[in-house]
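Working notes, beginning with the structure itself.
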Amino acid sequence: MERLQKVIADSGICSRRKAEQLMLEGKVKVNGQIVKALGTKVALSDRILVNEKPLPNVEYEYYVLYKPEGYISTTDDEKGRKTVVDLVPTQARIYPVGRLDFDASGVLLLTNDGAFNQAMIHPKHKIEKEYQVTVQGLLRKETSSKLSRGVYIDGKKTGRAKVRNVEYNTEKMTTRCHLIITEGRYHQVKRMFEVVNHPVLKLKRVRFGLITLEDLKKGEVRRLKPHELKQLYVLSKK
Ligand code: URA
C-alpha cells in the first residue's frame, strides 16, 4: 500500500504537490470514488483516474550507484547541492532507496518503484548493509562486542550487528573495520560509534544485501540485473 499522491507522482504525470492539489480539487478517483483525503493509501490493484484518465503505465527502473562524497541523497535540494539523482541518466522520476550521508560514499540503490523501495527499507525485512568505517582511536575487542550486541541510540537499542576486518593504524591512531547492520536508522553507523567514543572519520557502504561496488567506479551507475532484483526480494522476505 502506498500513498495516493505518491503513486500519482511516481507515474510521472506531475509532482507530488500537484497531485495533492488535484486530490483536494476532487479530480482524483479511486475505483470510481472521488478521494480527497491526502492520507489515503492505495494498492496496485486499485483503479486510479486523474481528470478521468488512467495513470500511464510506469516502467520501473532499478539502479545501483557508487555514490561519491558530496552528493545529497534526495531528489532535489533546497540549498542547490548536487543530488544522487543527477548521476543517473534517466527521465524517470527515480529516488534513492534509503539514504547515504552527504559525506559518505558507496552502494546506493535508486528506483521509481515504491513497493521495491518499501521492501528494501522496512526494518522488519532485515536486509544486511555493510559499511567500511574509519574511526578515531583504536577499537578494543570489548567495544566491538558491545557494538555487536547493540547500543542505545535515543533510548532504543540497535539490533545485532557484526564487526569484521578490523585493522589498526597505530601511527594515525585510527581503526578501519566493517560494520554489518540490518536497520537503517538516521545516521545509524555514525551514532553507534559515537556512543562508544570513536567518532567516524570516513564512511563507505560496501554492500546492500548482495549488491556490492564490484565493476563500478566512484560516480558510476548501472542497472540492476533481473536476478539481482529477485535475490533482493528473496532477502527481504527472509
Ligand atoms: N549510517 C550513517 O551514519 N550514515 C550513513 O550514510 C549510513 C549509515
Side-chain angles (χ1 to χ4, degrees), residues 2 6-7 9-12 15-16 44 56-77 80-123 125-134 162 164-165 176-184 187-190 200 202-238:
E2 281 232 73
K6 181 163 188 312
V7 173
D10 285 354
S11 79
S15 66
R16 199 180 305 193
L44 278 179
N57 279 333
V58 180
E59 288 238 355
Y60 291 134
E61 299 182 9
Y62 310 88
Y63 297 92
V64 51
L65 166 72
Y66 185 162
K67 177 195 176 296
E69 297 88 348
Y71 283 77
I72 185 153
S73 293
T74 49
T75 47
D76 54 356
D77 183 45
R81 287 176 293 184
K82 293 176 285 188
T83 79
V84 290
V85 172
D86 297 336
L87 294 167
V88 186
T90 179
Q91 297 303 313
R93 297 169 63 88
I94 56 159
Y95 44 84
V97 174
R99 46 179 65 216
L100 268 183
D101 292 339
F102 184 72
D103 58 358
S105 65
V107 178
L108 185 66
L109 305 184
L110 297 108
T111 187
N112 54 349
D113 179 349
F116 174 76
N117 179 47
Q118 276 305 313
M120 293 304 110
I121 63 176
H122 200 290
H125 293 160
K126 298 211 180 321
I127 294 183
E128 281 191 349
K129 271 82 66 178
E130 180 165 349
Y131 295 88
Q132 185 189 72
V133 194
T134 307
K162 295 173 200 158
R164 297 269 191 275
N165 311 355
R176 193 162 86 173
C177 64
H178 284 209
L179 181 74
I180 304 171
I181 57 175
T182 57
E183 304 146 302
H187 292 323
Q188 178 157 345
V189 176
K190 288 180 183 166
V200 169
K202 204 164 177 197
L203 182 62
K204 173 171 159 183
R205 181 153 67 197
V206 294
R207 183 168 65 85
F208 186 108
L210 345 92
I211 309 300
T212 65
L213 294 168
E214 202 181 324
D215 298 331
L216 285 176
K217 294 198 190 85
K218 217 179 243 189
E220 277 184 354
V221 66
R222 69 170 176 84
R223 287 208 188 227
L224 287 181
K225 302 186 176 111
H227 76 270
E228 291 175 322
L229 262 182
K230 220 188 223 166
Q231 287 165 334
L232 283 167
Y233 268 121
V234 169
L235 281 182
S236 78
K237 287 186 182 122
K238 267 193 181 157

Between atom [atom1] of [X] and atom [atom2] of [Y], what is the distance when rounded to the nearest 0.5 Å?
X: K162; Y: I180; atom1: NZ; atom2: CD1; answer: 5.5 Å
X: H178; Y: N165; atom1: NE2; atom2: CG; answer: 4.5 Å
X: L100; Y: K129; atom1: CG; atom2: NZ; answer: 11.0 Å
X: K237; Y: I127; atom1: NZ; atom2: CD1; answer: 10.0 Å
X: M120; Y: S236; atom1: CE; atom2: OG; answer: 4.5 Å
X: S105; Y: R205; atom1: OG; atom2: CZ; answer: 10.5 Å

Note to self: Is it true that Q231 and Y233 share a donor-acceptor pair across their side chains at a distance under 3.5 Å?
What the structure shows: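 There is no such pair (donor and acceptor under 3.5 Å, judged by atom type) between the side chains of Y233 and Q231.
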Might you point out which heavy atoms bring [X] and [Y] nearest each other, and give the distance in Å?
X: S15; Y: A9; answer: C-CB, 3.8 Å
X: H125; Y: A119; answer: ND1-O, 2.7 Å
X: D113; Y: Y95; answer: C-OH, 3.5 Å
X: A92; Y: N112; answer: CB-ND2, 3.8 Å
X: N117; Y: V97; answer: OD1-CA, 3.4 Å

Item checked: V133 and R176: CA distance, side-chain angles, deciding distance, side chain to side chain contact (heavy atoms under 4.5 Å, CB included) verdict -> CA-CA 6 Å; V133 194; R176 193 162 86 173; over 6 Å; no
N/O donor-acceptor pairs under 3.5 Å from side chains in residues 207-222, not counting sequence neighbours:
residue, atom, partner, partner atom, Å
R207, NE, E130, OE1, 2.8
R207, NH1, E128, OE1, 3.4
R207, NH1, G209, O, 2.7
R207, NH2, E128, OE1, 2.7
R207, NH2, E130, OE1, 3.1
T212, OG1, E214, N, 3.3
K218, NZ, E69, OE1, 3.0
K218, NZ, E69, OE2, 3.3
E220, OE1, K217, N, 2.9
R222, NH1, E228, OE1, 2.9
R222, NH2, E228, OE2, 2.8

Does some side-chain heavy atom of [Y] sit less than 4.5 Å from a side-chain heavy atom of [X]?
X: K67; Y: F102; result: no
X: L108; Y: S73; result: yes
X: V206; Y: K204; result: yes
X: Y66; Y: V107; result: no
X: L65; Y: L110; result: yes
X: T111; Y: L224; result: no
X: V88; Y: V85; result: no

Next item on the list: Show your working on salt bridge (charged side-chain N to carboxylate O under 4.0 Å, His left out) between D10 and K6 and close with a plain yes or no.
Entry: CA-CA 6 Å; D10 285 354; K6 181 163 188 312; 2.9 Å; yes
Notebook entry, point to check: More than 12 heavy atoms of other residues, nucleotides or ligands under 6.0 Å from CZ of R93: is that the case?
Noted result: yes
Checklist line | K190/D103 under salt bridge (charged side-chain N to carboxylate O under 4.0 Å, His left out): CA gap, chis, key distance, verdict | finding: CA-CA 11 Å; K190 288 180 183 166; D103 58 358; 2.8 Å; yes
Item checked: Full working for side chain to side chain donor-acceptor pair (under 3.5 Å) between K225 and Y62 -> CA-CA 8 Å; K225 302 186 176 111; Y62 310 88; over 6 Å; no
